[in-house]
Amino acid sequence: HLPLRLLQDNLFEWHFSVRGPPDSEFDGGVYHGRIVLPPEYPMKPPSIILLTPNGRFEVGKKICLSISGHHPETWQPSWSS
């Protein structure tokens, strides 16, 4: 289990680590990244950025996901009670 950690001085930036899946070319790797929440969150999407070279995503650039700040037009916050 790898933790998600809040930076002590910035509530809008979280750091995470994920392990590469077993039996894959990423097996044994640990990949570090950060999630940056805009001040308008949850009305605007977070940015997800990988900081470890991994051969899949460009280091230091926003990951292109429909649920990330790379495509803000597809972000839909949901509310529930």
Side-chain angles (χ1 to χ4, degrees):
H1 170 67
L2 297 172
L4 180 65
R5 298 242 188 241
L6 169 67
L7 292 183
Q8 295 282 335
D9 60 344
N10 185 352
L11 293 174
F12 296 102
E13 185 169 337
W14 291 72
H15 284 238
F16 66 91
S17 295
V18 294
R19 293 184 197 277
D23 300 322
S24 77
E25 60 188 283
F26 304 104
D27 191 2
V30 177
Y31 304 96
H32 179 80
R34 54 186 208 147
I35 299 170
V36 180
L37 303 172
E40 302 85 5
Y41 182 83
M43 301 314 291
K44 291 191 177 179
S47 294
I48 303 167
I49 302 155
L50 278 175
L51 303 173
T52 305
N54 55 68
R56 174 78 170 96
F57 298 105
E58 195 171 341
V59 174
K61 301 282 184 177
K62 293 179 185 177
I63 294 177
C64 177
L65 297 172
S66 62
I67 61 163
S68 73
H70 193 76
H71 290 287
E73 70 281 0
T74 61
W75 176 254
Q76 295 200 3
S78 62
W79 298 92
S80 63
S81 53

Enquirer: Quick one: are Ser47 and His70 in side-chain contact, heavy atoms under 4.5 Å?
Expert: no

Enquirer: How many angstroms lie between CG in Asn54 and CD in Glu25, if you round to the nearest 0.5 Å?
Expert: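 Answer for the CG-CD pair, Asn54 versus Glu25, is 10.0 Å.
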
Enquirer: To the nearest 0.5 Å, what is the distance between CG on Leu51 and NE2 on His32?
Expert: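 So the gap between those two atoms works out to 5.0 Å.
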
Enquirer: Look only at the side chain of Trp75 and the backbone of Pro46, and say whether a donor-acceptor pair between them is shorter than 3.5 Å.
Expert: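 Side chain of Trp75 to backbone of Pro46, a donor-acceptor pair under 3.5 Å: no, none is there.
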
Enquirer: How far apart are the closest heavy atoms of Ile49 and Lys62, and which atoms are they?
Expert: CG1-CA, 4.1 Å

Enquirer: For the residue pair Phe57 and Tyr31, establish whether any side-chain heavy-atom pair is separated by less than 4.5 Å.
Expert: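 No, side chains not in contact.
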
Enquirer: Taking atom CG as the centre, does Asp27 end up with more than 12 heavy-atom neighbours from other residues, nucleotides or ligands that are less than 6.0 angstrom away?
Expert: yes

Enquirer: Step by step, would you call Leu50 with Arg56 a side chain to side chain contact (heavy atoms under 4.5 Å, CB included)?
Expert: CA-CA 10 Å; Leu50 278 175; Arg56 174 78 170 96; over 6 Å; no

Enquirer: Has the side chain of Ser17 got a donor or acceptor atom that lies under 3.5 Å from a matching backbone atom of Val30?
Expert: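 The answer is no, because no donor-acceptor pair under 3.5 Å joins these two groups.
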
Enquirer: Quick check: is Phe12 connected to Phe16 through a chain of hydrophobic side chains (ILVMFWY, heavy atoms under 4.5 Å apart)?
Expert: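 Yes, Phe16 and Phe12 fall within the same hydrophobic cluster.
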
Enquirer: Is the count of non-hydrogen atoms from other residues, nucleotides or ligands lying under 6.0 Å from Glu40 atom CD greater than 12?
Expert: yes

Enquirer: Taking a hydrophobic cluster as the set of Ile, Leu, Val, Met, Phe, Trp and Tyr residues connected by side-chain heavy atoms closer than 4.5 Å, whether directly or through intermediates, do Leu65 and Val36 fall within one such cluster?
Expert: no

Enquirer: How long is the gap from CZ on Arg34 to CD1 on Ile48, to the nearest 0.5 Å?
Expert: 12.0 Å

Enquirer: Specify the closest pair of heavy atoms between Leu11 and Trp14, including all atoms of both residues, with the distance to one decimal.
Expert: O-NE1, 3.4 Å

Enquirer: Indicate if Leu37 and Ile67 have the same hydrophobic cluster label, given that clusters are the connected sets of ILVMFWY residues with side-chain heavy-atom separations under 4.5 angstrom.
Expert: yes

